[in-house]
Amino acid sequence: MTTIQDLAPKLNRTAADIVRLLMMAGEMVTATQSLPDEMIELIAEELGATVILVEPGMEAELELQKLFDDDDDDEDDSLLEQRPPVVTVMGHVDHGKTKLLDRIRQANVVAGEAGGITQHIGAYQSVQNGRKITFIDTPGHEAFTAMRARGADATDIVILVVAADDGVMPQTIEALNHAKTAEVPIIVAINKIDRENADPDKVRRQLTEQELVPEEWGGETMMVEVSALEGLGVDDLLEAILLVADVEDLRANPKAPVRGLVLEANLDSGRGPVATVLVERGTLRVGDPMVAGHAWGRVRAMLDEFGNQVPEAGPSVPVQVLGFDEVPYAGDELRVAPDDRTARVVAESRARRRRLAGIGGGTGYTGGTKLEDIFAHIQSGEVTTLNLVLKADVQGSLEALTESLRKLERDEVKLGFVHRAVGGITESDVNLANVSNATIIGFNVRPDRKAREIAEHEGVELRLYEVIYQALEDIEAAMVGMLKPEFEEVVTGEAEVREVFSVPRVGKVAGCYVRSGTITRGSKVRFLRDGVVIWKGEIASLKRFKEDAREVQTGYECGIGLENYQDLKGGDLIETYTIREIPRV
């Protein structure tokens with residue numbers, strides 16, 4: 001509540017002036033007394049002033065915004081320093097974007113991605129001739145349009161990767177449109193020139209039709225022939241980036257109030273909410289109070305792309321930030337607040353407004369139709385709603401999945417998003433889906449044992465995916481009555497990791513307790529941490545005491561060794577399963 005002492009300076013009056021004014025109006029008040037909104041408006045009207053009543057969170061947000069606006073106005077050119085260019089790599093799926101980045105930073109990301117397709121946004125730094133370049137790797141599948149668009153907004157230069165043997169494809173044009181919308185310079189990397197059927201000039205002709213004319217043909221677009229596989233032309237590409245960066249004269253003030261962009265965010269079982277942040281201006285330091293969307297906190301630690309702790313991050317530097325109270329949304333702007341209280345009040349105000357906006361929509365999630373029944377409703381001429389509970393491993397995947405599903409809506413089928421969140425599928429998710437007659441879609445996450453049991457008992461439909469377009473194909477197929485026979489994963493056993501032992505010449509072995517089912521040597525296995533799939537493979541060894549065992553049943557302890565996987569922690573779950581085909585009825 002606002003007192004007369006708080007209000008008076010904002011109206012260029014003393015507290016005594018306001019008290020006198022109210023006494024003349026017949027209101028007996030003191031300078032420290034809280035005023036209702038109606039009285040504040042009355043005072044303003046009497047003094048010919050305009051008063052905008054805002055909640056404390058909005059007031060704090062306005063103060064925070066003013067801090068940045070004032071600094072923008074007073075930006076001194078002498079304070080600006082050269083910063084690394086931020087480069088976004090775009091292009092058609094399977095044209096070699098991630099392989100190119102692998103070659104640049106000598107790390108193998110492709111092998112860890114489902115189906116060899118990049119699914120999460122990542123940011124990395126490389127050094128060329130003593131100068132740093134920041135790369136943002138955006139997923140290439142069309143389902144990640146929203147993520148890719150955000151990547152373009154955060155970038156200075158776009159590298160458009162086009163395969164020399166494949167040429168310009170629909171997603172190439174889509175990526176090109178994002179780059180044009182962002183109004184940033186474009187460098188074309190003509191990849192796979194080592195292939196026998198490579199035709200770089202064909203790519204140049206196709207791009208000329210898209211208004212990208214190569215320099216060697218009298219245009220303004222630099223086009224560099226490369227082979228990510230063999231490392232050809234990569235140095236030339238990096239030189240081209242630095243050349244364009246010099247022309248653009250990229251500078252920022254490292255001493256300005258900090259502003260950054262959340263590229264990706266997820267909930268880590270050991271570290272809590274983790275956000276990949278690209279610092280755009282200022283210098284983010286450990287200990288800074290920060291706010292990003294509805295999340296706030298104090299920077300507890302910052303990690304570079306190799307997992308090393310760093311004390312600070314300046315303009316164009318990407319870091320993983322730990323210390324948020326909640327997982328922020330990908331695309332949120334990060335700002336450093338003057339103090340913890342301001343950060344907390346602003347974040348809580350945003351969360352409250354977001355909740356009210358959701359309630360104000362008045363969307364009721366009752367009467368929805370399950371995915372398996374949807375075609376029958378369409379055939380009967382009914383307009384039906386498919387209610388969904390979406391859970392994903394990271395925020396970017398969740399956003400991309402939502403946007404892609406929205407595109408599947410048609411006149412006779414509407415989609416209702418009952419709940420969307422990051423993390424494993426829990427008991428509360430299943431209960432919510434049950435009361436709202438919703439289907440649960442899990443992307444790279446799993447239900448815990450209790451959630452799975454309730455889902456089976458209550459008949460809640462659970463669909464789990466690891467590649468996003470498979471989810472889209474299933475839902476679209478259901479809408480047209482073309483669901484093919486599906487393969488169901490049947491969980492055969494679940495073991496909890498109690499202790500981890502290091503065995504010479506073998507590596508780490510998990511000391512486990514079998515909670516349900518039967519664990520069998522050689523079984524297919526999923527390794528779960530807080531409901532999120534960390535690894536998939538097979539059981540390499542299974543022992544009871546010191547003897548090899550073919551299987552271990554519920555209630556017994558055993559030692560489990562996993563094929564080529566060593567990152568074991570107490571509390572992790574090892575889930576074994578088989579795959580069986582279920583024909584549609």
Report the distance from atom CG of L238 to atom CD1 of I133, rounding to the nearest 0.5 Å. 5.0 Å
Could I get the full list of side-chain contact (heavy atoms from CB on, under 4.5 Å) partners for A313, not counting sequence neighbours? V279, M302, V317, V319
T134: side chain to side chain donor-acceptor pair (under 3.5 Å) partners, not counting sequence neighbours: Q125
Closest contact, heavy atoms only, Y124 versus P318: N-CG, 4.2 Å
Taking the side chain from T554 and the backbone from G517, do they hold a donor-acceptor pair closer than 3.5 Å? yes
For L100 and V161, which heavy atoms make the closest approach, and how far apart are they? CD2-CG2, 4.0 Å
Hey, are the side chains of I425 and L464 touching, using non-hydrogen atoms and a 4.5 Å cut-off? yes
Side-chain touch L528/V533, heavy atoms, less than 4.5 angstrom: yes
Evaluate the criterion side chain to side chain contact (heavy atoms under 4.5 Å, CB included) for residue pair V497 and K569; output intermediate values, then yes/no. CA-CA 7 Å; V497 179; K569 293 181 182 177; over 6 Å; no
Y577 versus K536: any side-chain heavy-atom pair under 4.5 Å? yes
Which atom pair, heavy atoms only, marks the closest approach of V422 to N266? CG1-CA, 4.4 Å
Verdict with reasoning, L267 to V532, per side chain to side chain contact (heavy atoms under 4.5 Å, CB included): CA-CA 10 Å; L267 186 63; V532 175; over 6 Å; no
Tell me every residue that passes salt bridge (charged side-chain N to carboxylate O under 4.0 Å, His left out) with K192, counting only those two or more places apart in sequence or in another chain. none
Among residues two or more places apart or on two chains, list those pairs meeting ring-ring contact (aromatic ring centres under 6.0 Å, His included) that have a residue in residues 537-561. none
Reported CD1-to-OG1 distance for the pair I454 and T426, which is rounded to 0.5 angstrom: 9.0 Å
What verdict does the side chain to side chain contact (heavy atoms under 4.5 Å, CB included) test give for V234 and I104, after you've listed the backbone C-alpha separation in whole Å, the side-chain angles of each residue and the deciding distance to 0.1 Å? CA-CA 7 Å; V234 173; I104 291 170; 3.8 Å; yes
Pairing residues for D268 by the salt bridge (charged side-chain N to carboxylate O under 4.0 Å, His left out) criterion, not counting sequence neighbours: R271
Donor-acceptor check, side chain of E496 to backbone of Y513, threshold 3.5 angstrom: yes or no? no
Whether D325 side chain and W296 backbone form a donor-acceptor pair below 3.5 Å: yes
Which residue pairs pass the side chain to side chain donor-acceptor pair (under 3.5 Å) test with at least one member in residues 518-535, sequence neighbours excluded? E489-R526, R526-E575, R529-D567, R529-D572
Qualifying salt bridge (charged side-chain N to carboxylate O under 4.0 Å, His left out) pairs with a residue from residues 427-443, counting only residues at least two apart or across chains: K391-D429
Decide yes or no for L405 and L472: does some side-chain heavy atom of the first lie under 4.5 Å from some side-chain heavy atom of the second? yes
Side chain proximity check, I534 to Y565, heavy atoms < 4.5 angstrom: yes
Would you compute the distance between atom CD of E333 and atom CG of L261 and round it to the nearest 0.5 angstrom? 8.0 Å
Side-chain contact test, heavy atoms from C-beta onward, threshold under 4.5 Å: evaluate it for I539 versus L562 and give yes or no. yes
Please list all pairs meeting salt bridge (charged side-chain N to carboxylate O under 4.0 Å, His left out) that have one or both residues in residues 544-553, counting only residues at least two apart or in different chains. K543-D548
So do the side chains of I468 and S397 get within less than 4.5 Å of each other, counting heavy atoms only? no
If I take atom CZ from residue F135 and atom OG1 from residue T155, how far apart are they, to the nearest 0.5 angstrom? 10.0 Å
Between Q309 and A301 (side chain of the first, backbone of the second, donor and acceptor by atom type, cut-off under 3.5 Å), is there such a pair? no
E326 meets the salt bridge (charged side-chain N to carboxylate O under 4.0 Å, His left out) criterion, sequence neighbours left out, with none
Rounded to the nearest 0.5 Å, how far apart are CG of N197 and CG of D166? 9.0 Å
Matching residue for V321 among T276, L284, V262 - test: side-chain contact (heavy atoms from CB on, under 4.5 Å): L284
With sequence neighbours excluded, residues passing side-chain contact (heavy atoms from CB on, under 4.5 Å) with E453: R449, K450
Minimal non-hydrogen separation, G233 against V226, with atom names: O-CG1, 3.4 Å
Stepwise side chain to side chain contact (heavy atoms under 4.5 Å, CB included) test for L573 and R515: CA-CA 10 Å; L573 289 181; R515 301 201 322 192; 3.8 Å; yes
Specify the closest pair of heavy atoms between L542 and C558, including all atoms of both residues, with the distance to one decimal. CD1-SG, 4.0 Å
Under 3.5 Å: donor-acceptor pair, side chain of R350, backbone of G293: yes
Do P447 and L462 have side-chain heavy atoms sitting under 4.5 Å apart? yes
Minimum-distance pair of heavy atoms, taken over all atoms of S502 and P504: O-CD, 4.0 Å
V127: partners by side-chain contact (heavy atoms from CB on, under 4.5 Å), with sequence neighbours left out: K132
Not counting sequence neighbours, which residues clear side-chain contact (heavy atoms from CB on, under 4.5 Å) with E230? List them please. D194, S227, L232
At what distance, to the nearest 0.5 angstrom, does CD1 of I519 lie from OG1 of T492? 6.5 Å
